[in-house]
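A short worksheet on the structure shown next.
Atoms within a ligand are numbered from 1 in the order they appear, just like the ligands themselves.
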Amino acid sequence: MMSAQIYQFLIGSDNFGVLLHDPKTGATASIDAGEEAPILEALETTGWRLTDILVTHHHGDHIAGLAALRSKLGAQVVGAAADKHRIADIDLAVKEGDHFTMGSLEVRVFETPGHTVGHIAFHLQHEKLLFAGDTLFAMGCGRLFEGTPADMHQSLQKLAALPQDTALYCGHEYTLSNGRFALRVDPDNAALKQRMLEVEALRAQNRFTIPSTLSQELATNPFLRAADPAIARTIGLEGQTPLAVFTALRELKNKG
Ligand code: ZN
Ligand code: FE
């Protein structure tokens, strides 16, 4: 039985703000806290009271509003134990496989190194929700600032193994440019072509492309499809391992 409510908004030009609300208890979490003002505005709009902040990683565009919101509203900050040294405001430090509750909602932690070494994702099994931060994007994945391609490949595989009807919320509205890259490396993928038409229509109306579902990502996200022979062939790596293909895809994407 799903009961969580979500309010999604933009922070800056392309960071997603997300409020996760539990109507049973009134508890409300902000997923990351990139900036104070738009989060306060979202709380005002919804009438929800902030009780928790779930931090995916230490980058400024995800934590710049953290200290102010925590001290002003007294919210509990949940973040990676591995990042305690560089996220000053963590109250509850969590690791792979940890469970905690946000109101009456059960949240499970996945360690997803790659974008950063301490990156974590939050999964709500009963609600079928995944908050993947800058690990898994719609039709893309985060840049490798700290981790290795093998780290990121494994992190993505872990998230992709969750139930396919899980809704994916990610850290940025990068879907259109991700999709353009996906079409370059997977040009004959009919599901991808169809999805791009939908994404273009949404963006033309200035609407968000998020959430997607894991089943959509498995069908269209090249970074989850590194084992697909057609993609390997297109980038000249036929017969290579999925990790080799994934590594090459990430490098190609970096070059733009
Ligand atoms: Zn980041
Ligand atoms: Fe980010």
task = Please check if atom CD in Glu36 has more than 12 non-hydrogen atoms from other residues, nucleotides or ligands closer than 6.0 Å.
result = yes
query = Does a side-chain N-to-carboxylate-O contact under 4.0 Å join Glu173 and Arg207?
reply = no
task = Inspect the contact between Asp91 and Arg70 and indicate whether a charged nitrogen and a carboxylate oxygen are less than 4.0 angstrom apart.
result = yes
ask   = Do Arg86 and Glu146 sit within salt-bridge range, that is, some charged N less than 4.0 Å from a carboxylate O?
value = yes
query = Counting no waters, what protein N/O/S atoms lie under 2.8 Å from the Fe ion (ligand 2)?
reply = Asp61 OD2, His62 NE2, Asp134 OD2, His172 NE2
task = List in chain and number order the residues that pass side-chain contact (heavy atoms from CB on, under 4.5 Å) with Pro242, two or more places apart in sequence or in another chain; answer none if no residue qualifies.
result = His153, Ala226, Ala227
task = List for me each residue that meets side-chain contact (heavy atoms from CB on, under 4.5 Å) alongside Ile235, sequence neighbours excluded, and say none if there are none.
result = Val185, Leu237, Val245, Ala248, Leu249, Leu252
ask   = Below 4.0 angstrom, N of the basic side chain to O of the carboxylate: do Glu96 and Lys158 qualify?
value = yes
message = So that I can tick it off, tell me whether Arg108 and Asp98 are bridged by a salt bridge, with the cut-off set at under 4.0 angstrom between side-chain N and carboxylate O.
response = no
message = Under 2.8 Å from the Zn ion (ligand 1), which protein N, O or S atoms do you find? Ignore water molecules.
response = His57 NE2, His59 ND1, His115 NE2, Asp134 OD2
request  = Mind telling me whether Phe16 and Phe208 have parallel, tilted or perpendicular rings, with 30° and 60° as the class edges?
outcome  = perpendicular
